[in-house]
Amino acid sequence: MNELSLRSLFTSRVALIAGLLVVSGVVLYVLVSKPFLVLIGLGAFGPGIFRELGWLRDQDEFQVQTTRRAGYHAYLTGGLVTVLVLSLMEVRGPLTGDASEWILLVLVVLWMTWLFSSVMAFWGAPRTAARVLSTFGLFWAVFVFTDLISSADIGGDPMGFVLRIAAGCAAVAPFFVPAFTAARWPRATGAGLLVVALALAVLLASGGNLPLATQLLTMTLLLVPFAGSGIALLKTDHPHPGRG
Amino acid sequence: MSPRHEVRNDVRRHRRQLPELTQQALADRVGVTRQTIVSIERGQYNPSVGLALRIASALGVSVEVLFQVDEGQVDE
């Protein structure tokens, strides 16, 4: 096994372990106890810290440059959001409710900016948009169809069931249709994604009486894939070239 | 006013002159990922001197043939 294949294997193992830590951290944080957040931190930041200390050498120069640039983007966005949150506190008075949600909002902004910037530089806008939207769409589809099937009365009302399945398809279409068209018509898809992001923002802003931090957190998680992909696709000069 | 140095490269053209040399094969030879070669060929990433020399060596040409600098454009 040569040096490169060893490095590829090592990179995929590091990514796998980091991914497992993040996923298990999310699951345990949601289902068991909030201190399991530390697992997410280890998975998200551990490999990068090891690389900067020189203990982990699993990336080539383009990957290192991409990651560091993404880090700068995360610094800028995270810094701006932190200042905005602090300013908001000054205007609205001391925080009421769960302060950890505000900290979580800043963390999510930091991490999503870093992740989005990394994959965007690595894959290019059309592929990133297609993959991010497909991933989010898949999670959303599992959620929607699990709910549909578990509450369905197929024997009693088959027509109603078909209509609900159609409604489910309509709910996941905003993810999969642009994922399919991103490479072919990047600018039109980008514009469409920004419209969807705007519609979602209006919908989420008017929905319910959730605390402000929770609303902003939900908006960040749902809107970043649409808005980020949309802006990146609008900046695309030409359709994705073929591979050699 | 400052000169803008655009780096052009002919990596794709020279690679395609060697039929067996896919992006992955070139990446393996020079010790990077395929995505790095893709980004260099698209002009989205300018490699370090060391990597440029390794690519030139793998393609059997000199680095000056592979990479050129345009100094014509000037920022106002």
Side-chain angles (χ1 to χ4, degrees), chain A residues 1-16 18 47 51 56-73 115-132 182-183 186 232-233 235-244, chain B residues 4-70 72-73 75:
Chain A
M1 194 178 279
N2 63 27
E3 186 196 339
L4 185 75
S5 49
L6 257 179
R7 192 165 67 182
S8 303
L9 184 68
F10 198 43
T11 305
S12 56
R13 273 196 191 167
V14 169
L16 185 69
R51 285 182 192 117
L56 196 57
R57 296 177 189 278
D58 62 335
Q59 294 186 325
D60 67 26
E61 60 177 55
F62 173 58
Q63 290 171 310
V64 169
Q65 193 210 51
T66 300
T67 307
R68 287 183 179 165
R69 192 159 160 261
Y72 183 57
H73 291 166
L115 186 71
F116 210 75
S117 174
S118 299
V119 294
M120 195 63 79
F122 201 64
W123 289 331
R127 286 184 100 191
T128 301
R131 290 179 181 188
V132 166
L233 286 171
K235 286 172 65 185
T236 305
D237 291 332
H238 50 79
H240 193 57
R243 298 300 165 97
Chain B
R4 188 198 295 162
H5 302 287
E6 297 285 350
V7 177
R8 288 184 291 110
N9 76 76
D10 283 330
V11 173
R12 179 175 298 183
R13 188 168 66 81
H14 283 279
R15 181 178 60 76
R16 285 181 171 168
Q17 286 172 0
L18 304 169
E20 81 287 0
L21 202 61
T22 60
Q23 288 174 332
Q24 184 64 60
L26 178 60
D28 289 346
R29 277 197 204 175
V30 300
V32 295
T33 59
R34 189 181 74 91
Q35 201 57 44
T36 301
I37 300 296
V38 171
S39 298
I40 292 169
E41 287 189 351
R42 280 195 217 155
Q44 290 172 347
Y45 173 62
N46 291 325
S48 66
V49 175
L51 179 55
L53 287 165
R54 292 206 304 277
I55 292 171
S57 170
L59 295 174
V61 293
S62 70
V63 77
E64 296 91 336
V65 170
L66 217 49
F67 296 92
Q68 301 91 34
V69 179
D70 280 342
Q73 299 176 45
D75 287 338

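Just so it is clear, the structure is predicted and the values come from calculations on it, not from any experiment. Just so we're on the same page: letters track the sequence lines, and every chain starts at 1. Below, each value reflects all heavy atoms present in this structure, side chains not excepted, and no hydrogens, waters or symmetry copies.
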Quick check: closest heavy atoms across B:Ser48 and A:Glu61, and the distance to 0.1 Å?
OG-OE1, 2.5 Å

Taking C-beta and beyond as the side chain, do A:Phe62 and B:Leu51 meet within less than 4.5 Å on heavy atoms?
no

Closest approach of B:Gln35 to A:Phe122 (non-hydrogen atoms, all atoms of both residues):
NE2-O, 2.7 Å

Would you name the heavy atoms of A:Asp60 and B:Thr36 that are closest together and state the gap between them?
OD2-OG1, 2.7 Å

Contacting moiety of B:Ser39, where chain A heavy atoms sit under 4.5 Å:
side chain

Is the number of heavy atoms from other residues, nucleotides or ligands under 6.0 Å of A:Arg131 CZ greater than 12?
yes

